[in-house]
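Note sheet for the following structure.
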Amino acid sequence: MPATFSSCGTSASSSCRTSSWPWWVPWWSCPRWWSGWTAGLPAGQNRVRIARGIGEMRFSRLFVKTLRQAPAEADTVSHQLLLRAGMVQQVAAGVYAYLPLAWRVLRKIEQIIREEMDRAGGQELMMPGLQPVEIWEQSGRRDAFGKTLFTFTDRRDRRLCLGPTHEEVAAGLASRYVQSYRDLPLLLYHIQTKFRDEPRPRGGLLRVREFDMKDLYSFDVDEAGLDVSYKKMLQAYKNVYDRCGLPTVVVEADSGAIGGKESHEFMLIADSGEDEVFHCPACGYAANAEKAESVKPRLEAEEPASIEEVATPGIKTIEDLANFLGIPPSRTLKAVFYTADDQVVFVTIRGDFEVNETKLKNALKAHELRLASDAEVARAGLVAGYASPLGVHGIKTVGDDSIALGTNFVAGANKPDTHLRNVNYPRDFGVDILTDIALARVGDACPRCGERLQSIRGIEVGHVFKLGTFISERLGAYYLDKDGATRPIFMGSYGIGLGRLMAAAIEHSHDEQGIIWPLPIAPYHIYLCPLYTDDPEIERVAEDTYAQLEKAGFEVLFDDRRESPGVKFNDADLLGIPIRLTLSSRTLKQQSIELKWRSKKETELLPLSGLVETLKKLVGGSSEKANNRPQNRPRGLQSWQDCDIFYCKETYSEKWVKNPTFLLQGDGFSRMEA
RNA sequence: CGGGGUGUAGCGCAGUCAGGGUAGCGCGCAUGGUUUGGGACCAUGAGGUCGGCGGUUCGAAUCCGCCCACCCCGACCA
């Protein structure tokens, strides 16, 4: 039997038996290979599994095995569901292969992003994944990225790295193009794989080491120009998330290793999110916990008293100390030791606050910050548990501004089992740096309006930065202004991780049964689910319906398997295809097909006649657009630009609709209409 | 990098502590049959470097040593 026969069937044998196709006739002459016609064959024998055209898909041929149980390594919901739905496979820690279903979703997300970047004036290009380490040293970010940078040497001992981001390269490209202010502003973007050797990949696709990302770099003449580009991007990002059907909030953020002064993150609200966001329901202030500020309550002033020692045997923690002395934690001073770039740092903060390490790191302008080891603490002459800000010599000291908001604190005495009463700043001790290094707290006052802050969890799905000029200056990206003066280009940087967005969408939208895709990024629109019986009519109608829907431009996953209803329904739910159409003898009796939205419980019967038109109305697509899709479409959203608007309103969570205040106001953002 | 955990069939697990016969179970997979509206049933069957290397022993999934991979917490991190 020629091997080529398998091209038109599951196996050569089954195909040949059912078709009686003579083996000496070339397989490409087989009508079934090009027409996909299968109707009228006896039920039960029809095992023909073929794709009739680009993009059409029968479940039996799909490169997917769904799993009933999630692999043990997955413990976040999105990771479990991605694995169970057969969307990704892990290749190494934080390194994944994206299988067909995931790849379709990623391409849709990518296409939405591409359209919005283009609409905002961006120009797409491709940059290398490989970069010389020199440009990182030139920009001064080599140290900031540290071990996160994947580095190696080539055969000529040149040092290379895998690009974790592309500001340096982009600045280099721009510097050779931009000569005059007339060449600005400029928005360049690319969508490609980036590499970061994260200390700990985790959460499936939420934090990985190799990932596809859209990065746009803006180039402007000055701060004002940067502001305009930045606002354009904020709007473009909002459009992207809206079109993906994902409610996000904009929050102020720390710029981290990327650098720059102003920065915002887009957060998808999800209880499982690893980021905490503080927000003010009254004025709309919202910030990542790393960045968030709050008004620290000042304690009632007392007359400063003189210092006295108090014996506190075995009392080492603030909690114990407060209990032991019968005072609130706010009347104590906490001492914490860090090692910042190999220097021990003594940090003092009022007992009721916690240190915000991001703020501390920024205050110290340090690249690496970690808690000091016991050995390091001892070497610095400090007594852990009883360390005192008084009489610290030879090491850098940082104080949170909360230490000035009270009097007569209890602090360590720097000898075992002893504390000091009535310690006052700055009367009794000084610090090298006094600034805000505290974590904001729920219930503290909003720094803008004084209302109480609340907190919510989210997943970072986008991050934008106002970089300013530090990279352009170091990489020589200058232009001539109107007066002929040489000036550095103002840069901005705007990133969205595609895989993380996909995973975040699952975190946000799923139930016990599986994923619930928003229509615009769903791998398929429709799950066509015939329940086969002895009645060949079901199969005939199913094939016919499939052909009609495909022709009308719907993306249909046709479950042609002869599985039991339970298996099919469970797979449909697991994969999360937005619309399920069930065809059975039951519905056929009424000349109808059953429609069920994945996001809803109830089902409804649709008449078979005029089905395409009915679905178009339901989905909000137009036949014209659907039919006009290019043959080699990235089957993205270009033909569905209307439907995403329609669908977004459906998918916004109640929480979101009721609390539209998270959106940054007055920044080109308006409240979401409910 | 610190702490904890796990590696046995595609997936989930038992067996390991208390060393001995052919390494088991569920799901999935294959074949045949009966089934078909929420993960059906019967029968038969295939599938394993027990993470790797070394050691102890007549004999190691099991005991000892080293290493590796993966996961979780922390550190860290667009």
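Residue numbers begin at 1 in each chain, while the letters A, B, ... track the order of the sequences.
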* Do we see a donor-acceptor contact under 3.5 Å between the side chains of A:Y96 and A:H79? -> yes

* Considering only the C1' atoms, how many Å lie between B:A23 and B:G47, rounded to the nearest integer? -> 14 Å

**Report entry** Interatomic distance at P, B:U62 relative to B:G19, whole Å
**Finding:** 12 Å

Here the distance between atom C1' of B:G39 and atom CD of A:Q513, to the nearest Å, is 10 Å

Within the 4.0 Å heavy-atom criterion, would you say A:A70 contacts the bases, only the backbone, or no part of the nucleic acid?
sugar-phosphate

(message) Does this structure show an ion pair linking A:R370 with A:E357, if we count only N-O contacts that are shorter than 4.0 Å?
(response) no

Pairing partner of B:C41, by Watson-Crick or G-U wobble and under 3.5 Å for both distances, is B:G33

Across every strand shown, the nucleotide meeting Watson-Crick or G-U wobble geometry with B:U49 (both distances under 3.5 Å) is none

Can you tell me, in whole Å, how much space there is between the P of B:C77 and that of B:G7? 33 Å

Point to revise | P gap between B:U49 and B:G5, integer Å | key: 28 Å

A:L206 CG to B:C76 C1', in whole Å, measures 17 Å

Checking B:A40, B:C77, B:G38 against the side chain of A:F569 (C-beta onward), the nearest is B:G38

With the side chain defined as heavy atoms from C-beta on, A:P71 is closest, among B:G74, B:G37, B:G12, to B:G12

Whole-Å distance, A:Q89 CD to B:A69 P, equals 20 Å

### Task
Quick one: label A:Y338 by what it contacts on the DNA or RNA (base, sugar-phosphate, nothing), any heavy atom closer than 4.0 Å.
nothing

With A:L557 as partner, the option from A:V64, A:L575, A:I526, A:L528 fulfilling side-chain contact (heavy atoms from CB on, under 4.5 Å) is A:L575

_Students often get this wrong, so: under 4.0 angstrom with heavy atoms, is A:A253 touching a base, only sugar-phosphate, or nothing?_
nothing

### Message
Would you say A:Q90 places a side-chain N or O within less than 4.0 Å of OP1 or OP2 belonging to B:C71?
### Response
yes

task: Would you tell me if any nitrogen or oxygen in the side chain of A:S564 comes within less than 4.0 Å of OP1 or OP2 on B:A40?
output: yes

If the threshold is 4.0 Å, N to carboxylate O, is there a salt bridge linking A:K589 and A:E537?
no

Across every strand shown, the nucleotide meeting Watson-Crick or G-U wobble geometry with B:G74 (both distances under 3.5 Å) is B:C1

By the 4.0 Å heavy-atom rule, please label A:D75 as base, sugar-phosphate, or nothing.
sugar-phosphate

Taking donor-acceptor contacts at under 3.5 Å, does the side chain of A:R580 reach the base of B:G38? yes

For B:G24, the nucleotide meeting Watson-Crick or G-U wobble distances (both under 3.5 Å) is B:C13

Under 3.5 Å, is there a donor-acceptor pair linking the side chains of A:T165 and A:E167?
yes

Nearest-nucleotide check on RNA chain B, A:L371 vs A:S584; residue mapping nearer the 5' end is A:S584

Scanning all shown strands, the Watson-Crick or wobble mate of B:G59 with both distances under 3.5 Å is none

Hey, is the side chain of A:T582 pairing donor to acceptor with the base of B:G37 inside 3.5 Å?
no

note: A:I538, atom CD1; B:U36, atom C1'; distance rounded to Å ~ 9 Å

B:G7 -> Watson-Crick or G-U wobble partner, both distances under 3.5 Å, gives B:C68

Report task. Have a look at A:T587 and say if it touches a base, only the backbone sugar-phosphate, or nothing, with a 4.0 Å heavy-atom cut-off. Result -> base

A:K361 has its side chain closest, among B:G38, B:C76, B:A40, to B:C76

For this session: Salt-bridge test for A:E110 and A:K214: reply yes if a basic N is under 4.0 Å from a carboxylate O, no otherwise.
Result: no

In whole angstroms, the gap separating C1' of B:U36 from CD of A:E539 amounts to 14 Å

To the nearest angstrom, the CZ-C1' distance between A:R84 and B:C11 comes to 11 Å

Legend entry - Separation between the C1' atoms of B:G54 and B:G10, rounded to whole Å: 31 Å

Q. Between B:C70 and B:G33, how far is it from one P atom to the other, in whole Å?
A. 46 Å

Is there, by distance only and without an angle test, a donor paired with an acceptor across the side chain of A:E563 and the base of B:G39 below 3.5 Å?
no

ask   = Do A:K359 and A:D254 sit within salt-bridge range, that is, some charged N less than 4.0 Å from a carboxylate O?
value = no

Taking for A:E265 and for A:R370 the nucleotide of RNA chain B with the nearest heavy atom, the one nearer the 5' end belongs to A:R370

Checking N1-N3 plus N6-O4 or O6-N4 for Watson-Crick, or N1-O2 and O6-N3 for wobble, each under 3.5 Å, the partner of B:A18 is none

On the side chain of A:R68, is there an atom forming a donor-acceptor pair with the base of B:C27 - under 3.5 Å, no angle test? no

Could you measure between the two C1' atoms, the one in B:C63 and the one in B:U56, and give it in whole Å? 8 Å

Any salt bridge linking A:E460 with A:R500? Criterion: basic side-chain nitrogen under 4.0 Å from a carboxylate oxygen. yes

Does atom CD (A:E137) have a neighbourhood of more than 12 heavy atoms from anything else shown, all under 6.0 Å?
yes

(Q) By the 4.0 Å heavy-atom rule, please label A:E357 as base, sugar-phosphate, or nothing. (A) sugar-phosphate

Considering only heavy side-chain atoms of A:E73, the closest of B:C70, B:G26, B:G38 is B:C70

Whole-Å distance, A:E274 CD to B:C73 C1', equals 13 Å

Which part of the nucleic acid, if any, lies within contact of A:G203, taking any heavy atom under 4.0 Å across all strands shown: a base, the sugar-phosphate backbone alone, or nothing? sugar-phosphate

So, OP1 or OP2 of B:C73: does either fall under 4.0 Å of a side-chain N or O from A:R200?
yes

>> Using atom P in both nucleotides, what's the gap between B:A60 and B:C72 to the nearest angstrom?
In response: 36 Å

Closest to the side chain of A:P199, out of B:A75, B:C11, B:C77, is B:A75

Atom CZ of A:R586 and atom C1' of B:U36 are separated, to the nearest Å, by 11 Å

